[in-house]
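Convention: sequence-line order gives letters A, B, ...; per-chain numbering from 1.
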Number of protein chains: 2
Amino acid sequence: MEKLITILRERGYKITPQRRAVITAFLESDKFATAQQILDRVRETNPDMSLDTVYRNLALLVNLGVISEINIRGKDGNIYELITTEHHHHLVCLNCGKAECLDFCPINCEKLENASKNGFNITSHSLEFYGYCYNCRTTG
Amino acid sequence: MEKLITILRERGYKITPQRRAVITAFLESDKFATAQQILDRVRETNPDMSLDTVYRNLALLVNLGVISEINIRGKDGNIYELITTEHHHHLVCLNCGKAECLDFCPINCEKLENASKNGFNITSHSLEFYGYCYNCRTTG
DNA sequence: ATCGCTGCAAACAGTTTGCAGTCCA
DNA sequence: TGGACTGCAAACTGTTTGCAGCGAT
């Protein structure tokens with residue numbers, strides 16, 4: 001938390017209560033959240049918070065490279081997550097919508113090299129697995 | 001083309017000129033298209049076509065399991081693609097936005113089994129690679 | 001006292017829906 | 001002929017932007 005605040009301060013950004021609240025809510029959301037989820041959480045303590053501010057602060061954090069936006073199938077908007085040093089992927093539950101991190105990358109890099117030989121220079125990839133989490137499978 | 005028409009007919013759907021045009025345009029789009037791209041193409045021959053109809057027909061085809069919607073990073077909407085019998089992935093050029101198909105799945109399935117052992121039942125996955133295609137690399 | 005940040009409201013883009021008229025089967 | 005399909009317009013969702021005032025530095 002203070003680490004993020006320090007980064008912002010160092011780069012000349014002001015530390016407003018709203019900004020603090022967004023960061024706090026974000027860190028509390030278990031690394032995954034949509035803008036709306038963050039707003040809901042922030043409003044528990046800052047009822048006047050606006051969604052715009054959430055978006056603006058998330059965008060700022062994305063620009064600073066602190067968090068990232070990921071694509072999850074579904075229409076409820078983009079999901080933001082903390083950038084960790086490790087490149088990783090997600091298991092997304094089709095029932096409850098929760099995402100878990102995968103702690104390894106199951107991509108076969110040798111095969112990938114081949115694709116690059118066709119002239120395509122791969123710089124990144126996004127990989128999400130869909131299915132049903134333990135909870136939903138056993139209680140559904 | 002006629003195969004799709006037959007499927008529709010068999011299920012009791014009417015074959016309207018608009019529906020034909022959407023299917024034709026879709027097949028011509030090299031298997032990838034956004035709703036808007038299909039509309040643009042359709043309008044070359046059917047200038048009165050509306051975007052709603054494109055959406056409705058794409059949704060119908062998705063429901064019939066004939067085409068699918070895929071997530072590509074970017075804000076210009078969902079991309080639809082023909083379902084082929086082969087499960088496959090895409091190389092998406094960050095410069096021109098074009099997508100190419102990958103003819104194999106570079107996912108290491110053994111490792112994946114492990115994840116499932118944590119209680120998560122994986123039913124599908126989406127994987128997109130981002131980078132720069134030959135054209136953009138050499139002419140950019 | 002700045003100048004960035006905020007809330008508000010309005011604008012956006014992509015998509016969906018209600019409705020009255022059209023047209024395929 | 002009748003129900004499915006269409007175009008239009010309006011609604012909706014997630015997101016962005018313009019603006020005037022507020023507040024961290």
When you compare the side chain of Leu60(B) with that of Leu8(B), does any pair of heavy atoms fall below 4.5 Å? yes
Measure from CZ on Arg20(A) to C1' on dC5(C) and round the result to the nearest Å. 15 Å
Rounded to whole Å, the CD-P distance (Gln18(A) to dC8(C)) equals 11 Å
Please report, rounded to the nearest Å, how far the C1' atom of dG3(D) is from the CZ atom of Arg11(B). 20 Å
Length of the CG-C1' vector between Leu8(A) and dC5(C), whole Å: 13 Å
Walk along nucleotides 17-25 of chain C from 5' to 3' and tag each nucleotide B, S or - by protein heavy-atom contact under 4.0 Å, base first, then sugar-phosphate. BB-----BS
Find the distance Asn63(A):CG to dT16(D):P and express it as a whole number of Å. 11 Å
Can you pull out every side chain to side chain donor-acceptor pair (under 3.5 Å) where at least one residue sits in residues 5-20 of chain B? Sequence neighbours excluded, please. Arg19(B)-Asn57(B)
Please report the shortest heavy-atom distance between Val54(B) and Ala35(B), naming the atom on each side. CG1-O, 3.6 Å
Please assess Val22(A) against Met49(A) for the test side chain to side chain contact (heavy atoms under 4.5 Å, CB included), listing each intermediate value before the final yes or no. CA-CA 9 Å; Val22(A) 168; Met49(A) 187 78 170; 3.3 Å; yes
State, yes or no, whether a side-chain contact exists between Ile5(A) and Glu2(A) at a heavy-atom distance under 4.5 Å. yes
Determine the sole option in Asn46(B), Thr53(B), Asp48(B) for which the side-chain hydrogen bond (donor to acceptor under 3.5 Å, both in side chains) test with Ser50(B) is passed. Thr53(B)
Leu39(B) has an atom CG; how far is it from atom P of dG14(C), in whole Å? 12 Å
5' precedence on DNA chain D between Gly12(B) and Ser50(B) (nearest-nucleotide basis): Gly12(B)
Just how far, in rounded Å, is P of dT16(C) from CG of Asn57(B)? 13 Å
Roughly, in whole Å, what's the span from CG in Asp40(B) to P in dG14(C)? 11 Å
